[in-house]
Amino acid sequence: MNKFFLGLVLFLGYTHLPAQSIKMGEISETEWAMTEVPYESGAPAVILASSGDSRFFGGMLETSYFYRLKILTEAGKEYADVRIRFYRGSSGTENISGIKAQLYHAVDGQYVETKIGKEHIHMVDLGEGYSEARISFPDAQVGSILEYSYKKGDKNLTFLDGWSFQRSIPTIFSKYQINMVPQFEYKMIGQGQHFFTKSKRVANNGLYSWELRDLHSLKEEPYMKNYRDYQERVEFQLSRYQSGGGEFVDVLNTWEKLGDELIEGYTTKGYYKTSALERELFSLDMSKGTQKEKAARAYYYIRDNFINEGEDWIYPNQSLNQLLKSKKGTPGELILAYMGVLRSQGITCDPVLIGSKGYGRSDLILFPFLNQFDEILLLAELDGQQQFIDLSDSQAPFGYVDIDKQVKGGFLVQKGKSQLIDIPIKHQSNNLVISTAYLDKETGELIIKNTLRSHHYQGLQVMHAVERYKKSEKPLEEMFSSDGLLMDVRNAKVENLLEENNYVNSSFDYVMKGANEAETLVFNPLKVSSFSKNPFTQEYRVFPVDFDYPFSEIYTANIQVPEGYEVDDFPTNENITISGGLVGFNYSVENLGEVLKVTAKLDIRSSLIPVKNYGDLKYFMETVASKLSSPVILKKVAKP
């Protein structure tokens, strides 16, 4: 858990620092001269400066926004069309006003300022209460500087948007300040490595501010799809307010009260009642077997007889009766219905709310902040053992929890005793590859027969890939092909044994035609590995490397040396790791005369590799890729 999730009362310890003032039109020579971002070359555009200033008055929070951007490449021109989304609702919950915009560009060595008129500023209704303010800079060119400012009023004083310091393009300077009033007390919710370690902070008579500089762009990197969980930002939740009589009224519930309110809502929609579910399952015999066997039987009934569609969320849109009638539901609705089935069989189970990967939270917030959760798991006690259950993947067997839901902890919802809990989900996910290479005397082809056994989540990945190829009507052989493979792929088969044995068996052949006519045979016996090419090629890393879960890949290749051939060359042995032993790799070759045996094992021992270890990991994976892609060379023996 992150120790930095503290209340505003702790802000008083901040150092008093001078605040930088940002004004429209005051552009520095450094900003004029910038042609690329020093720490992120190739960026299409850059936020030179941004600021937000929030103040309470008139029963709302008003925030003044300012942005200064520079277009650096042709691709950066897309940032000359600005979209500001807000929720108007039916009562004007949010509103945008006071939009100002101007453009600066060079003409004959002079910088020309162009005001953006009202004809390039529009309000668009997006439906369902949402609107969008749109600003167009029609004459923006490479080298142009764009500035715009506006005000947003927000009547929702329970959750304050706060400020996102990090955006989709690099940010040179970003500042946010909020002027608190004595009548409201808020909890601060901060996130991001730099926010807690590098931001300049001010606390002075209710005015709090933060400044951050030189932030990288917020974008997906290899093995990090949930990068939003690490975004540098700050927001607030109301803790209590002062009533008209001068007394403070608590707004922030306890975990217990929050859980009871959720149970009441779920009960209102029928999800804690069992009679309708018992009628639904009339044809399913639930009288026999252990609790785990009953739970599995009910799981497959729900999974296979209901259509899983819609956005996963903690609040059901349908009542239980509507779900049973439509046979369609969101993952959250299906898991709540499944809970009712287990409860009807006397099985103890309760919902667990989680903030899924990519929802925006790398760590749980330790006070009752419901907005940090977006999806539901079920925690059941089966035959004396705790079991987390998920229903979001229509291909997953009983007991599998979607990878995006495998987070550190969640909110267990139990009547009168709801609380935060850890979510320990253990599994042995790995790939085992056995290959045999030989020269077929009849066809003259070099054939490498491959058998791939993929356990647990590695197997589920294979089945998802199979489903994609089926839907696109592509031959299964294409799934086992790869760039630079100078061999045909034949006889591809996949056997799904996840439900029975927690693995998937795949078999396929690599075939080199006319191999018997070549003086030398050059081939890679371990080409099947997805790490035969290094996925980490960028010079720097912004976010940790997330492998989702620890796993291993084990390869064994037995190369039968054909009669009349000899081993000419093969890769040397290797045994490497990085600091802390987070990953490891072993590669060895044994020349047994008639058989050349190649073995390799890649161990990813930690699912999350910190940014500080990226350089070591990059070098490590380069070595792994080099070995896994290295060829074995056989040559014909010269006749005497």
Inspect the surroundings of CD in Glu261 and state if more than 12 heavy atoms from other residues, nucleotides or ligands are less than 6.0 Å away.
yes
Mutual orientation of the aromatic rings belonging to Tyr150 and Tyr65 [parallel < 30°, tilted 30-60°, perpendicular > 60°]
parallel
Say whether Ser319 and Asn321, considering side chains only, have a donor N or O and an acceptor N or O under 3.5 Å apart.
no
Distance, nearest 0.5 Å, that separates OG of Ser326 from CD of Glu309
8.0 Å
Using a 6.0 Å cut-off, check whether atom CD of Glu500 has over 12 heavy atoms from anything other than its own residue.
yes
Under 4.0 Å between a Lys/Arg side-chain N and an Asp/Glu carboxylate O for Arg88 and Glu94?
no
For Glu264, does the CD atom have more than 12 heavy-atom neighbours from other residues, nucleotides or ligands under 6.0 Å away?
no
Using every non-hydrogen atom in the two residues, find where Lys357 and Asn226 come nearest and quote the distance to one decimal.
C-CB, 3.7 Å
Shortest non-hydrogen contact from Val611 to Pro544?
CG2-N, 3.6 Å
Aromatic contact, Tyr266 with Tyr271 (centres under 6.0 Å):
no
Got a sec: does the CZ of Arg228 have more than 12 other heavy atoms crowding it under 6.0 Å?
no
Looking at side-chain heavy atoms only, is the closest gap between Phe306 and Leu324 below 4.5 Å?
yes
Taking every heavy atom of Asn253 against every heavy atom of Pro368, the minimum-distance pair comes out as O-CG, 2.8 Å
Can Asp250 and Lys257 be said to form a salt bridge (Lys or Arg N to Asp or Glu O under 4.0 Å), step by step?
CA-CA 12 Å; Asp250 289 332; Lys257 289 181 179 179; over 6 Å; no
Tell me if the centroids of the rings in Phe159 and Phe236 come within less than 6.0 Å of each other.
no
For the residue pair Thr93 / Asn156, report whether a side-chain donor-acceptor contact shorter than 3.5 Å exists.
no
Which pair of heavy atoms, one from Tyr359 and one from Asn371, lies closest together, and at what distance?
OH-O, 3.2 Å
Salt bridge between Arg297 and Asp285, side-chain N to carboxylate O under 4.0 Å?
no
Is a donor on one side and an acceptor on the other found under 3.5 Å between the side chain of Glu381 and the backbone of Cys349?
no
Can you tell me if Tyr241 has over 12 outside heavy atoms packed within less than 6.0 Å of its OH?
no
Does the side chain to side chain donor-acceptor pair (under 3.5 Å) test come out yes or no for Ser507 and Thr451, once each step is laid out?
CA-CA 5 Å; Ser507 60; Thr451 301; 6.0 Å; no
Give the ring-plane orientation class for Phe195 versus Phe165, where under 30° counts as parallel, over 60° as perpendicular and anything between as tilted.
tilted
Give the minimum heavy-atom separation between Val413 and Gly259, together with the two atoms involved.
CG1-O, 3.6 Å
His456 and Tyr503 aromatic centres sub-6.0 Å
no
Rounded to the nearest 0.5 Å, what separation is found between the CG atom of Asp548 and the CD atom of Gln461?
7.5 Å
Geometric class of the Phe551/Phe547 ring pair [parallel <30°, tilted 30-60°, perpendicular >60°]:
perpendicular
Rounded to the nearest 0.5 Å, how far does CZ of Phe248 lie from OG of Ser239?
10.0 Å
Test Arg55 against Glu62 for salt bridge (Lys or Arg N to Asp or Glu O under 4.0 Å), laying out the working first.
CA-CA 5 Å; Arg55 298 175 182 273; Glu62 184 180 85; over 6 Å; no
Measure from NZ or CZ of Arg85 to the centre of the six-membered ring of Tyr130 and say whether it is under 6.0 Å with the direction within 45° of the ring axis.
yes
Determine whether more than 12 heavy atoms belonging to other residues, nucleotides or ligands lie under 6.0 Å from atom NZ of Lys327.
yes
Carboxylate-amine/guanidinium proximity below 4.0 Å for Lys292 and Asp383:
no
Atom pair CE/OH of Met463 and Tyr457 - distance to nearest 0.5 Å:
16.0 Å
Among Ser174, Ser54, Ser50, which one satisfies side chain to side chain donor-acceptor pair (under 3.5 Å) with Trp163?
Ser174
Determine, stepwise, if the pair Glu499 / Arg303 fulfils salt bridge (Lys or Arg N to Asp or Glu O under 4.0 Å).
CA-CA 13 Å; Glu499 292 183 16; Arg303 190 197 71 174; 3.2 Å; yes
Rounded to the nearest 0.5 Å, the OG1 atom of Thr63 sits from the NZ atom of Lys152 at a distance of 6.5 Å
Kindly give the heavy-atom pair with the smallest separation between Ile96 and Phe86, and that separation in Å.
CG1-CD2, 3.3 Å
Would you say CD of Gln386 has more than 12 non-hydrogen atoms from neighbouring residues, nucleotides or ligands within 6.0 angstrom?
no
Return the CG to NZ distance between Leu320 and Lys325, rounded to the nearest 0.5 Å.
13.5 Å
Residues Glu132 and Arg83 bridged, charged N to O under 4.0 Å:
yes
Between Thr171 and Gln166, is any pair of side-chain heavy atoms under 4.5 Å apart?
no
Is it the case that Ser454 and Asn431 place a side-chain donor and acceptor less than 3.5 Å from each other?
yes
In terms of ring plane angle, is the pair Phe184 and Phe56 parallel, tilted or perpendicular, where the classes change at 30° and 60°?
parallel
